[in-house]
Student: 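Take a look at this one; I'll ask things after.
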Amino acid sequence: MDSARIRDDRRLLVVEAEAASRLADAVCDLESAESRAVASVDAALEALSETGIDCVVAARELEDGTGLELLERIREEDPALPVVLAPETGDESLASDAVAAGVTEYLPRERLAELADAVDRAITAEAAGRADRERARQFESIFADPDAYSWILTPDGRIRRTNPVAREALEATADALEGRSFSRLSWWDGADADPIREAVDRAAAGTIAHRELEVVIDPERDSEPRTLDVTVRPVRDADGGVVSLLARAVDVTERVRLETELRESEQLHRVTLNNMTDTVLITDDEGAFTYVCPNVHFIFGYTDDEIREMGTIDELLGPELFDREELAAEGVLTNIERTATDKAGREHTLLVNVREVSIQGGTVLYSCRDVTARKRREEALTALHGTARELLYAETDREIADRIVADATDVLGLEASAALRFDTDENVLRPVASSPGMDRLHGPLPARRANDDTISGRVFLEGEPRFFADVRESPTLSDPTTALRTAGFVPLGDHGVFLVGSPEVDAVDEVTREVTELLAATAEAALDRVERERRLRDRDRELKRRNRQLTRLNRMNEIIREIDAALVRAETREEIERAVCERLTAAERFAFAWIGTVDAAGDALESAAHDGSARGREYLDSVSLSLTEATEPAARTATTREVTVVSNVVDDLRDEPWRRAALSRDYQSAIAVPLSYDEFAYGVLAVYADRPDAFDDTTRAVLAELGETIASAIAAVERKRALLSDSRTRLEFDVADEEFAFARLARHLDCVLSFDGGVRQHEGTVAVFVTVDGAPAADVAAAAAELVAVENARLIGDEDGSTVLLEFSRPFLAPRLADHGMTLRRLEATPETTRLVVDVPSSVDPAAGTDVVESAFADVELRSKRRVERTAPRDLRADLLERLTDRQLEVVQMAYYGGYFESPRERSGEEIADALGISPAAFYRHVRRVQRTLFSVILEEIGLPSASGVE
């Protein structure tokens, strides 16, 4: 037996009955470093618990049992301990039982010479198994890691096993997942499936594959994507072949977030450091640079390498920037102002902060801030403040324009400036002020239309400033020959445009632009103030004018009220005319007033009434009131029937003699208004004042309206006088106007229509009762309803009646005649002709009746004119009409023409009441009152007493 195959450090336990010693002897022959022999099962188990044993060699028969029982007990405690069963005699049954119980080696006694090899194989096999178990344990530990999702895959990417964490996240059982394609899991089913398939293929080929993917783990509870670090690695067998794949996915969302934030923070730091306007420099005690901020070019124009080449800080900022002892005492010195020159030779004003540090060999840190723009802005604002103070006292637009143009050079540092003022009347921008530099570089500025054709016009319309680094590049440049290159155009609100310029290209920086806009805004505010003050002055003047006008209006209203009261009380025309003149001249309101009427010959005016100073009568006697010459205001108005106003008598003093006569009596202005009502003239009212321009628009309108009121009052008293007159003139006319409704109806229906004075007036319409002869009255009503002049037409009475009620649109001839005291006595229209009969009272000129009729029709011929006398001393008709109301007259007319008074009655009272839209009781009440009034008038006329006080 080759004992060299057993290592010296192996410890063996031999278990056999004491009667036998062959196993112990055989073990001793192995030259093992250590071995121990026991005879029973219990002793063997005790020895195993006390001493580390590498292998147990057991016989079949033991003192308290068998070797097979010992094997079973050992396996209960240690399934991996190597056990060699060496029975004295054996058979297949024992061998089978031993293998089933977990024996490591089975060696019958006849093969005892192979004991060394058997022990060696058992120990080697146990060591290999232990390593496999350790690897398996480690694998299971990794696979079951609760912080990772794990899968065991087949080489073609199908799932064999899924750890609990992955199953829970996928909400699937192991059976449901087994056999599925790993790349088809819901997490990366779609766009992310390709990277997973590629990783599986790489792992199946023997290469570990890593992928980082964003997936939604649980869409229902968390829709935010999570970042998974997916690793797929191959698992090989003993021969190195890939037998399976291990896929693990670790949630690295937080790590990725932190890495992203770190990258962003680093990038922000780099961007901030490179782009901040402050420059940071660090030097040692000798002033040599140890650190130069990458953004040093922002201020100085040098690169950081060029700054380092300067050697020391004194070369950049100048010597003696600060006191060393003061820095040592304070630790930091702030806001040290220093002027430095950049690479291009431009000067910069810097504020430098200095502090002691200890950074990588540097001891002094310099923080430099460029305040050049701020310094310039402060200086410009100081100058602008002075300009604003001066503008507070400017009183005109021109003063403001001159001031901002004069100060622009000092405030802005630009030699060319100008102000354009918007002319609202002509819609142009006119130059009102320009600097000598503007005149020299550009020449005189022309006026420009406020439109898009020029830069200034566009800026004014858009209300936004525009600056040009090179104005010649603008397509709207109006003058390409200008020497200006840099140009700025700033609107002055609604007032105009402010211009600045320079012969250099790009001469306006941000500070200059800002201050230019501030200067323009200051000028705009000043212009607004001046305009407000101008408007206030205009408003004050207008207010004073209106107050004067209101005073005159109040005075005129007072006059009108007095005149209206006098007109109401007056019973004759003479009283009216006298009252008007007296009221107009009372309390020195006007110097003189008179009313003139055309004389009988129609050639001149004659005074009907006058009042005022005694010189008024002299004036009338000294001037010509001829209607042929018509130069005097009253005569002119009588001729033209229009208001005549003479604002100042002095005008044309030599051309019109009446002016000298008026001025000699201190009449300096005059007005004449026609006294006309419904196109009927009753004369002229003339008023004279002792001051020029006494008759403004309001006074003119009031006096013109007063003229109509006076004419209306005269017409009223004329009507009253006409009713009491015993004689009148009767005029007969033939009307050939084809558009007259009566004529058209008579001609169209071949009938005779007659009207005998039955008129009732409503708001907007006049209703007349018309008697029809020769045609059915219903046909006349139907035809009349089609005429535009007829608002309504209806039959009065039954179908066989002969009366039609026609409602005409105003004006109608009868009311117009009545307004002037005249009466439309009869109107009859036949198919051949239409005849009118008009009664004109003696107090009214018959020519007036002719005028009214001729103005109402296109073709009228006066057939006859005769004088008629009343048959009774009083006019029963006038007396009756005075006592009846319009409603009573309307009711009795409807009843009369409707056949109510016929015997037998053609229509009942209820039918008439229904046609009138009133109750039967009201109808009967109106009829009884009309009848009683009629009898009262008749009884009084024949001298019998009437019971007028009894209803």
Side-chain angles (χ1 to χ4, degrees), residues 1 3 5-18 20-109 111-112 114-144 238:
M1 180 177 61
S3 60
R5 298 177 63 187
I6 303 298
R7 295 205 320 266
D8 293 340
D9 58 351
R10 301 291 173 82
R11 289 163 293 182
L12 306 179
L13 178 63
V14 179
V15 186
E16 66 178 340
E18 292 183 358
S21 59
R22 294 187 63 189
L23 281 178
D25 294 340
V27 170
C28 290
D29 292 341
L30 296 177
E31 299 179 357
S32 175
E34 184 179 353
S35 66
R36 182 179 177 184
V38 296
S40 64
V41 174
D42 292 336
L45 294 175
E46 184 178 356
L48 288 174
S49 64
E50 296 176 355
T51 307
I53 300 299
D54 294 319
C55 183
V56 177
V57 180
R60 179 176 182 180
E61 297 297 335
L62 304 176
E63 291 182 355
D64 57 355
T66 63
L68 189 60
E69 292 175 350
L70 175 61
L71 174 62
E72 292 175 350
R73 295 286 298 277
I74 290 174
R75 288 292 176 252
E76 292 176 0
E77 299 296 332
D78 188 353
L81 182 64
V83 177
V84 178
L85 185 60
E88 297 82 352
T89 60
D91 53 26
E92 292 183 1
S93 176
L94 178 61
S96 176
D97 292 339
V99 172
V103 72
T104 308
E105 288 286 334
Y106 180 78
L107 186 68
R109 190 65 57 89
R111 295 172 52 196
L112 195 58
E114 302 176 11
L115 179 59
D117 292 335
V119 171
D120 186 60
R121 286 196 303 272
I123 292 174
T124 301
E126 187 278 335
R130 186 168 58 249
D132 289 343
R133 287 192 299 276
E134 179 62 24
R135 287 194 296 271
R137 187 189 64 77
Q138 293 176 352
F139 180 84
E140 287 297 328
S141 177
I142 295 173
F143 184 74

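Here, residue 1 is the first one in the sequence, and each next residue gets the next number.
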Student: Any idea which heavy atoms bring Val41 and Gly65 closest together, and the distance?
Tutor: CG2-CA, 4.3 Å
Student: Which heavy-atom pair separates Glu88 from Glu61 by the least distance, and what is that distance?
Tutor: OE1-N, 4.1 Å
Student: Would you check, one step at a time, whether the test side chain to side chain contact (heavy atoms under 4.5 Å, CB included) holds for Leu45 with Leu70?
Tutor: CA-CA 8 Å; Leu45 294 175; Leu70 175 61; 4.1 Å; yes
Student: Please name the pair of heavy atoms, one in Ala118 and one in Leu107, separated by the smallest distance, quoted to 0.1 Å.
Tutor: CB-CD2, 4.1 Å
Student: Carefully, step by step, assess Leu48 and Glu77 under the rule side chain to side chain contact (heavy atoms under 4.5 Å, CB included).
Tutor: CA-CA 10 Å; Leu48 288 174; Glu77 299 296 332; over 6 Å; no
Student: Between CZ of Arg11 and CG of Asp54, what distance do you get to the nearest 0.5 Å?
Tutor: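 Nearest 0.5 Å value for the CZ-CG distance: 5.0 Å.
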Student: Please name the pair of heavy atoms, one in Cys55 and one in Ala122, separated by the smallest distance, quoted to 0.1 Å.
Tutor: SG-CB, 4.4 Å
Student: Quick one: CD on Glu16 to CD on Glu63, what's the gap to the nearest 0.5 Å?
Tutor: 10.5 Å
Student: According to side chain to side chain contact (heavy atoms under 4.5 Å, CB included), who are the partners of Ala47, at least two apart in sequence or on a separate chain?
Tutor: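 So Ala47 forms a side chain to side chain contact (heavy atoms under 4.5 Å, CB included) with Leu13, Arg36.
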Student: Quick one: list whatever passes side chain to side chain contact (heavy atoms under 4.5 Å, CB included) with Ala43, sequence neighbours left out.
Tutor: Val38, Ser40
Student: Please enumerate all residues that pass side chain to side chain contact (heavy atoms under 4.5 Å, CB included) together with Ala101, with sequence neighbours excluded.
Tutor: Leu68, Leu71, Glu72
Student: Might you point out which heavy atoms bring Ala44 and Val15 nearest each other, and give the distance in Å?
Tutor: CB-CG2, 3.7 Å
Student: Measuring from atom CG of Leu12 to atom CD1 of Ile53, what distance do you get when rounded to the nearest 0.5 angstrom?
Tutor: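 The CG atom of Leu12 sits 8.0 Å away from the CD1 atom of Ile53.
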Student: Between Asp64 and Asp42, which heavy-atom pair has the shortest distance, and what is it?
Tutor: OD2-N, 3.2 Å
Student: Counting N and O atoms only, with roles assigned by atom type, does the side chain of Arg75 sit under 3.5 Å from a partner on the main chain of Leu81, one being a donor and the other an acceptor?
Tutor: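 Here the side-chain-to-backbone pair exists.
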